[in-house]
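The structure under discussion appears below in the form of structure tokens.
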Amino acid sequence: MLCCCSFFIICFYFTSCPFLAQQLTPIIPVLGGALFLFVLGTLLRTSFSDPGVLPRATPDEAADLERQIDVANGTKGYRPPPRTKEVVINGQTVKLKYCFTCKIFRPPRASHCSLCDNCVERFDHHCPWVGNCVGRRNYRFFYMFILSLSFLTIFIFAFVITHIILSSYQKGFLTALKESPASVLEVVVCFFSVWSIVGLSGFHTYLISSNQTTNEDIKGSWSSKRGKDNYNPYSSGNIFTNCCVALCGPLPPSLIDRRGFIEADAPQMAPPTNGITMYGATQSQQSHMAATTPLLQQHSSEPVIITSSPENGTSLPARASLTLGGPCSSLPLGQPTPPTSTPSLSCHEATDMLPIHGHALNHTHPLQEQAALHHYLTPEEVPSPPGMLHCGSPLGHSHTVQTSFYNPASQDSLHEDSVRGLVKLSSV
Amino acid sequence: MFHNLQDMQHTASLVTKVFIQRDYSEGTVCRFQTKFPAELDNRIERALLEQTVKTLNSYYVEAEKVGGQSYLEGCLACATAYIVFLCMETRYEKVLKKISGYIQEQNEKIYAPRGLLLTDPIERGMRVLEISVFEDRGSSGSSPSSSMSSCSTAR
């Protein structure tokens with residue numbers, strides 16, 4: 001995505017801008033540049049923020065829940081049917097599902113992303129273009145990204161056309177085209193992009209104004225077709241309020257520690273810890289020092305990305321500070337929604353200055369299917385699972401099909417469940 | 001941390017952990033159930049625990065409140081390309097700090113003397129309010145919950 005945009009803007013700058021700057025006003029390239037920088041900023045922010053990952057339950061919590069469920073079901077020994085809990089929110093009955101991978105009852109609107117192998121709060125969708133899930137914490141950045149990209153595309157489209165038209169007044173249409181063939185390419189690409197990106201922006205604007213997630217919309221959770229009394233319990237009813245809440249509401253801090261260091265696997269006695277000791281930047285120093293830190297595999301996946309397997313093909317660089325023992329290869333992804341064992345997203349704070357992956361991937365968003373730009377590729381940006389010790393295979397989740405590349409049996413039995421992606425047990 | 005844990009293990013043994021789950025009846029806002037867990041029946045008075053949970057819930061409501069201040073913060077952040085967060089904390093983070101302080105205070109005053117320990121929900125991914133139950137020895141070695149983080153599991 002990044003490469004595409006950059007390439008495009010560079011083309012624009014070299015071909016049309018000099019002409020336009022002379023003929024019309026030099027503000028055009030300046031504005032274009034500013035818009036491009038904004039797009040870049042929001043893209044980076046979306047890619048590298050934690051979308052609202054829910055850390056996996058600690059073993060104690062999981063055991064407690066299991067106990068409660070067993071008591072409720074009266075069954076033991078074999079896995080009971082998918083567990084759900086019903087809760088009434090604003091008069092609507094909402095079913096909370098139990099996530100077998102994360103061992104929690106998912107909060108309303110949360111969903112488990114099979115690509116990232118995490119439950120994400122207010123899960124919207126997993127965007128391959130951005131290489132990250134879009135959830136509660138980065139939805140606004142995502143929206144600003146697609147909105148600004150729409151403006152940028154329209155901007156470039158308009159001005160390249162202007163360039164061609166003005167040139168053709170002076171020199172004739174064909175001569176103008178011959179002189180800047182890149183403009184033709186730009187027009188064509190822009191034309192198709194405009195439809196898809198503006199369409200996507202429009203769709204998300206609708207979602208924001210009705211306070212729905214893409215996930216809910218696709219499933220028709222709150223559609224009136226399901227029943228007369230079906231309505232969205234989260235919507236405040238007012239478009240303006242919904243927009244404000246989605247875009248300007250409070251931003252909760254991250255629940256995961258993405259800056260802790262991965263520690264070597266502790267011997268059995270180490271009490272398992274969950275993946276969260278820090279929230280927000282404010283505690284980061286403490287939790288670093290504390291070193292009790294639950295290292296999130298999320299974190300550990302970063303280095304893995306660097307040593308991504310051949311199948312993967314991506315070159316997601318990772319923090320130099322983290323070292324790995326051999327990468328776990330990601331699954332060869334050939335299907336539209338490849339389930340992988342990847343524990344995490346490439347989510348780093350934008351300030352971390354990690355280079356971004358720059359390959360073009362298809363957006364799996366349904367609206368995008370018509371877009372000519374999007375030839376379908378496998379979501380290879382999915383980071384390969386950490387090469388570090390715990391590459392637990394994600395089990396249980398209904399979407400997830402995991403061919404283990406790493407042998408769970410070799411892992412500490414204590415760790416097995418918790419380690420599967422996000423939470424890595426570490427020694428205290 | 002490790003030393004603390006060892007101390008804890010030496011001075012008091014963990015009996016069990018009680019988890020107060022999230023209450024989603026009001027939507028996705030962070031709220032914990034005020035239902036009193038049966039395991040704590042003879043360890044602490046209902047009213048005290050209820051009061052703690054209610055106060056925590058009110059703190060979370062305050063943190064997630066969508067109103068003038070949060071809009072202002074959001075718009076300012078957007079206008080400055082979120083650079084402003086390098087200098088200042090979000091309101092949510094400020095409230096979380098208050099919560100942390102509150103939990104610590106509650107632990108010191110109320111829970112530790114009864115052999116209980118609250119763990120800050122943020123350290124459990126806001127899924128549960130964990131109450132560690134220690135052997136009832138009066139003042140078993142208690143430390144502020146936030147520094148205990150998640151090391152109180154004894155296996």
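Order of the sequence lines sets the chain letters (A, B, ...), proteins ahead of strands, with each chain counted from 1.
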**Prompt:** Counting only heavy atoms not in A:Ile239, do more than 12 sit closer than 6.0 Å to its CD1 atom?
**Reply:** no

**Asked** Is it the side chain or the backbone of A:Phe38 that comes within 4.5 Å of chain B heavy atoms, both, or neither?
**Response** neither

**Asked** Looking only at heavy atoms, what is the nearest atom pair of B:Tyr24 and A:Phe105, with distance?
**Response** OH-O, 4.4 Å

**Message:** Would you compute the distance between atom OH of B:Tyr71 and atom CG of A:Leu247 and round it to the nearest 0.5 angstrom?
**Reply:** 10.0 Å

**Item:** Spacing of OG1 belonging to B:Thr28 relative to CZ belonging to A:Arg122, to within rounding of 0.5 Å
**Value:** 8.5 Å

**Fill in**
Turns out that what part of A:Val88 lies under 4.5 Å from chain B's heavy atoms comes down to backbone

**Message:** If I take atom OG from residue A:Ser254 and atom CD1 from residue B:Ile122, how far apart are they, to the nearest 0.5 angstrom?
**Reply:** 8.5 Å

**Prompt:** Can you check whether A:Arg106's main-chain N or O pairs, donor with acceptor, with B:Arg127's side chain at less than 3.5 Å?
**Reply:** no

**Request:** Go through A:Pro233, A:Gly249, A:Pro107, A:Ala110 and name the one with the most non-hydrogen pairs under 4.5 angstrom from chain B.
**Result:** A:Pro107

**Asked** So does A:Phe151 have more than 12 non-hydrogen atoms from other groups sitting under 6.0 Å from CZ?
**Response** no

**Message:** Can you tell me if A:Lys97 has over 12 outside heavy atoms packed within less than 6.0 Å of its NZ?
**Reply:** no

**Prompt:** Is the shortest heavy-atom distance from the side chain of A:Ile89 to the side chain of B:Glu26 under 4.5 Å?
**Reply:** no

**Region of B:Thr90 in contact with chain A, defined by heavy-atom distances below 4.5 Å** = side chain

**Request:** State whether the number of non-hydrogen atoms from other residues, nucleotides or ligands found under 6.0 Å of B:Lys65 atom NZ is greater than 12.
**Result:** no

**Message:** For A:Pro108, which atoms come within 4.5 Å of any heavy atom of chain B: side chain, backbone, both, or neither?
**Reply:** both

**Residue part contacting chain A, namely of B:Glu73, when any heavy atom lies under 4.5 Å** = neither

**Prompt:** Using non-hydrogen atoms only, which part of B:Ala77 is less than 4.5 Å away from chain A: side chain, backbone, both, or neither?
**Reply:** neither

**Fill in**
Whatever's closer than 4.5 Å to a heavy atom in chain A on B:Gln21 counts as side chain

**Request:** Identify the two heavy atoms, one from B:Val128 and one from A:Glu61, that lie closest to each other, and give their separation to 0.1 Å.
**Result:** CG2-CD, 3.4 Å

**Fill in**
dist A:Leu251:CG -> B:Arg91:CZ (nearest 0.5 Å) comes out at 13.0 Å

**Asked** Using non-hydrogen atoms only, which part of B:Cys30 is less than 4.5 Å away from chain A: side chain, backbone, both, or neither?
**Response** neither

**Request:** Nearest 0.5 Å please: distance from the CG atom of A:Asp60 over to the OG1 atom of B:Thr119.
**Result:** 10.0 Å

**Request:** Name the option with the most non-hydrogen atom pairs under 4.5 Å to chain A; the candidates are B:Ser70, B:Gly27, B:Ser25, B:Gly74.
**Result:** B:Ser25

